[in-house]
2 protein chains.
Amino acid sequence: MEFKHQATVTLAEVAEAAGVGESTVSRVLRNHGSFSGKTRERVMAAVERLGYVPNRIAGTLASTGSRLVAFVIPSLSNIVFPDVLRGASAVLEENRYQAVFSVTDYDPGKEEALAAAMLAWRPAAVMLAGYEHTDGTAKMLRASGCRVVELLDLDGDALDIAVGFSNRAAGRESAAFLLKRGYNRIGYVGHDLKRDTRAGKRFSSFCETLDIAGVPLVAHEILAGPSSVEDGRLGLERLLARATDLDAVYFSNDDMALGGYFHCLAQGIAIPSQLAIFGYNGLDIGRTIPQPLSTIRTPRVATGEIAAQLIVANAPPQVVDLGFELIEGATA
Amino acid sequence: MEFKHQATVTLAEVAEAAGVGESTVSRVLRNHGSFSGKTRERVMAAVERLGYVPNRIAGTLASTGSRLVAFVIPSLSNIVFPDVLRGASAVLEENRYQAVFSVTDYDPGKEEALAAAMLAWRPAAVMLAGYEHTDGTAKMLRASGCRVVELLDLDGDALDIAVGFSNRAAGRESAAFLLKRGYNRIGYVGHDLKRDTRAGKRFSSFCETLDIAGVPLVAHEILAGPSSVEDGRLGLERLLARATDLDAVYFSNDDMALGGYFHCLAQGIAIPSQLAIFGYNGLDIGRTIPQPLSTIRTPRVATGEIAAQLIVANAPPQVVDLGFELIEGATA
DNA sequence: GTGAAAGCGCTAACAG
DNA sequence: CTGTTAGCGCTTTCAC
């Protein structure tokens with residue numbers, strides 16, 4: 001049972017109380033069109049007195065556009081997507097837009113269902129992670145006529161607007177960095193790559209870069225399920241049990257890398273002399289551990305901000321590459 | 001400029017195409033009321049053919065209740081509120097409710113403004129953190145007639161529904177634990193308590209408990225701004241510079257405590273023999289560091305889930321105490 | 001500068 | 001089982 005619109009004050013009642021027409025109240029409230037100062041006073045007084053709260057549902061239906069922005073995100077389990085939401089919501093709130101969200105758990109089918117549910121709210125824009133959508137999702141989004149923003153990836157074709165950075169480039173630069181440092185017995189620890197396709201792209205371009213250099217990946221350990229610090233630790237433990245002579249390990253992200261780092265601390269494995277560790281994301285915590293984590297810092301908050309700004313400004317279709325920053329750190 | 005409802009298929013067009021009345025289409029789509037299997041077929045075929053997406057804005061206006069649930073949260077900077085959102089959104093999505101959110105940055109004035117903006121969408125419920133609201137917010141919420149859920153705190157009077165646990169009890173038990181372990185030169189490192197009133201409650205009941213035991217707090221260090229791992233590190237560094245003989249430090253939360261832990265690791269301070277560390281929240285990462293963090297684990301995801309379930313079920317006003325779990329860990 | 005009236009797309013009685 | 005008819009509360013012409 002939902003909320004009943006009980007005893008809600010309507011615009012008509014405000015108009016009546018102020019002794020003016022409904023359209024006048026509407027104009028005053030939206031500060032649009034013309035009205036006298038005196039009228040304004042009376043309307044505002046009535047609004048105050050009655051405790052009127054405009055009904056945006058009705059307003060949106062009557063007018064031609066909504067100020068809802070829909071986020072369809074894969075996960076809320078680590079700080080990555082909250083960072084994006086944070087950046088976006090700051091901009092949206094300033095512009096009187098309202099953020100709406102749902103979580104797909106990295107399931108493309110769920111993404112399609114949730115995107116459809118979102119479209120029913122007729123949002124000004126739908127924001128999704130990356131480019132990997134089902135045909136149904138893509139078709140539906142295109143047909144909707146609503147703006148679409150794909151976030152945090154640039155390796156593919158944008159439906160409309162894309163804001164982020166290249167995961168392939170990130171994987172490549174990570175490999176190049178480790179090679180430059182002279183590591184040549186390199187391993188990988190990652191989480192479910194089928195679902196997290198951006199992590200998958202990083203991994204594959206990482207491997208390609210190693211191959212080209214003639215220093216192929218020695219071993220890898222993939223854990224099922226979402227990334228976590230504990231799985232990073234466990235993954236490294238397993239990897240080292242199989243491949244004893246690694247000199248560096250690339251992790252699917254910082255959460256996993258931190259787990260690896262802690263494993264080394266606990267086992268007395270010297271970092272980076274005995275084993276180097278490299279992550280991805282550039283989480284704040286990586287800067288405060290005794291040896292700053294070597295990683296790639298991604299502009300997550302900025303991605304949200306820019307995406308929101310483009311929607312608010314109704315910008316034309318475009319791809320915005322925000323780049324990323326390689327942090328040399330002390331672990332690799 | 002917002003999204004234009006361009007060339008959108010309407011229910012009337014579907015009805016026309018299917019050769020039935022509008023209400024029949026509506027009934028079929030909502031699977032409510034009665035209609036023949038044959039009618040159902042024809043309607044669904046038309047829906048499919050035209051690519052019809054129901055307009056929930058119009059539906060909500062016409063019917064008597066919305067399936068929007070509004071979250072007004074203080075922050076997205078750490079994992080605490082995302083955890084709550086995650087728990088809630090899973091339940092809401094299953095029940096075809098839609099989550100909407102805005103972020104207050106722990107500013108009560110902003111909370112009032114954002115709550116007002118939320119109310120304009122006529123949500124089924126508004127979910128807020130804790131009990132500390134401006135009079136304006138409380139009054140507005142009460143007058144709205146919409147359900148209100150206060151989350152993550154139970155120390156105060158609920159407006160309607162409250163789901164969480166007692167922060168005062170958490171502070172008290174943390175102190176009792178440290179006392180039981182025999183620590184008696186106890187310090188505190190915290191972040192901005194004016195804004196984060198729940199952390200403030202934990203701190204004050206922590207201190208009261210120490211006072212009662214005749215072992216008052218020796219020193220404390222409060223950093224401006226939100227909690228962070230780095231500020232935890234910095235806070236402990238500063239605190240130890242002033243108070244050299246502490247044997248335990250209570251932190252405002254796990255992020256801060258982890259910073260303190262890393263400071264000790266880097267400085268070669270033995271934990272817990274030389275200095276004990278105690279946190280709050282029970283983040284996953286605290287379990288994977290070489291010495292599991294001693295802390296209090298709070299049921300954040302469950303808080304979101306229960307809150308959502310109560311709203312979906314239109315439960316009566318009530319206070320749900322989910323409790324918390326003290327993790328003994330290895331740092332205190 | 002202001003009001004009357006016609007919808008926005010849907011749901012909810014109410015007849016049939 | 002199904003169609004017709006009023007609205008939901010607002011914005012938006014369009015006269016005045």
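Heavy atoms only: backbone and side chains are in, while hydrogens, waters and symmetry mates are out. Chain naming here is simple, since letters A, B, ... match the order of the sequence lines and numbering starts at 1 in each.
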(request) Taking B:Asn78 for its side chain and B:Val80 for its backbone only, find out whether a donor-acceptor pair lies under 3.5 Å. (result) yes
(request) Starting from C1' on D:dT11, measure out to CG on A:Leu11 and report it in whole angstrom. (result) 9 Å
(message) Less than 4.0 angstrom between a side-chain N/O of B:Ser36 and OP1 or OP2 of D:dT2, yes or no?
(response) yes
(request) Before giving the answer on salt bridge (Lys or Arg N to Asp or Glu O under 4.0 Å), spell out for B:Glu132 and B:Lys194 the whole-Å C-alpha distance, their side-chain angles and the decisive distance to 0.1 Å. (result) CA-CA 11 Å; B:Glu132 281 69 33; B:Lys194 292 280 186 346; over 6 Å; no
(message) Need one value for B:Thr10: base, sugar-phosphate or nothing, where a base atom within 4.0 Å counts as base even if backbone is also close, heavy atoms only.
(response) sugar-phosphate
(request) Give the rounded distance in Å between these two atoms: CG of A:Leu61 and C1' of D:dC8. (result) 9 Å
(request) Grab the CZ-P distance between A:Phe35 and D:dC16 for me, whole Å please. (result) 24 Å
(request) Would you indicate whether B:Glu13, at its atom CD, is surrounded by more than 12 heavy atoms from other residues, nucleotides or ligands within a distance under 6.0 Å? (result) yes
(message) What is the distance, to the nearest angstrom, from the CG atom on A:Leu29 to the C1' atom on D:dC10?
(response) 11 Å
(request) Would you kindly give the CZ-to-C1' distance between B:Arg27 and D:dT5, to the nearest whole Å? (result) 13 Å
(request) Rounded to 10°, tell me the angle between the two end axes of the helix from C:dG1-D:dC16 to C:dG16-D:dC1, each built from five pairs. (result) 30°
(message) Rounding to an integer number of Å, can you tell me how far B:Glu13 CD sits from C:dG9 C1'?
(response) 11 Å
(message) Exactly one of A:Arg147, A:Gln318, A:Arg142 should register a side chain to side chain donor-acceptor pair (under 3.5 Å) with A:Asp160. Which one does?
(response) A:Arg147
(message) Without decimals, in angstroms, what is the distance between B:Glu16 CD and D:dG3 C1'?
(response) 14 Å
(message) Out of the candidates B:Glu112, B:Lys139, B:Glu150, only one should pair with B:His133 under the side chain to side chain donor-acceptor pair (under 3.5 Å) rule; please name it.
(response) B:Glu150
(message) Is a donor from one side chain sitting under 3.5 angstrom from an acceptor on the other, for A:Ser23 and A:Ser26?
(response) no
(message) With a cut-off of less than 4.0 Å, is there a side-chain N or O of A:Arg30 near OP1 or OP2 of D:dT12?
(response) yes
(message) Can you tell me if A:Ser63 touches the phosphate of D:dC10, counting only side-chain N or O atoms and a distance under 4.0 Å to OP1 or OP2?
(response) no
(request) Could you pick out which residue, B:Thr24 or B:Ala58, lies toward the 5' side of DNA chain D when each is mapped onto its nearest nucleotide? (result) B:Thr24
(request) Output the single nucleotide from D:dT11, C:dG3, C:dT2 whose closest atom is nearest the side chain of A:Val20. (result) C:dG3
(request) Kindly say whether B:Val20 contributes a backbone atom to a donor-acceptor pair with the side chain of B:Thr24 at under 3.5 angstrom? (result) no
(message) Check this one for me: any side-chain N or O of A:Thr39 less than 4.0 Å away from OP1 or OP2 of C:dG1?
(response) no
(request) Establish, with yes or no, whether the OP1 or OP2 oxygen of C:dG3 is under 4.0 angstrom from a side-chain nitrogen or oxygen of A:Ser23. (result) no
(request) Could you state the atom-to-atom distance from CD1 of A:Ile57 to P of D:dC10 in whole Å? (result) 11 Å
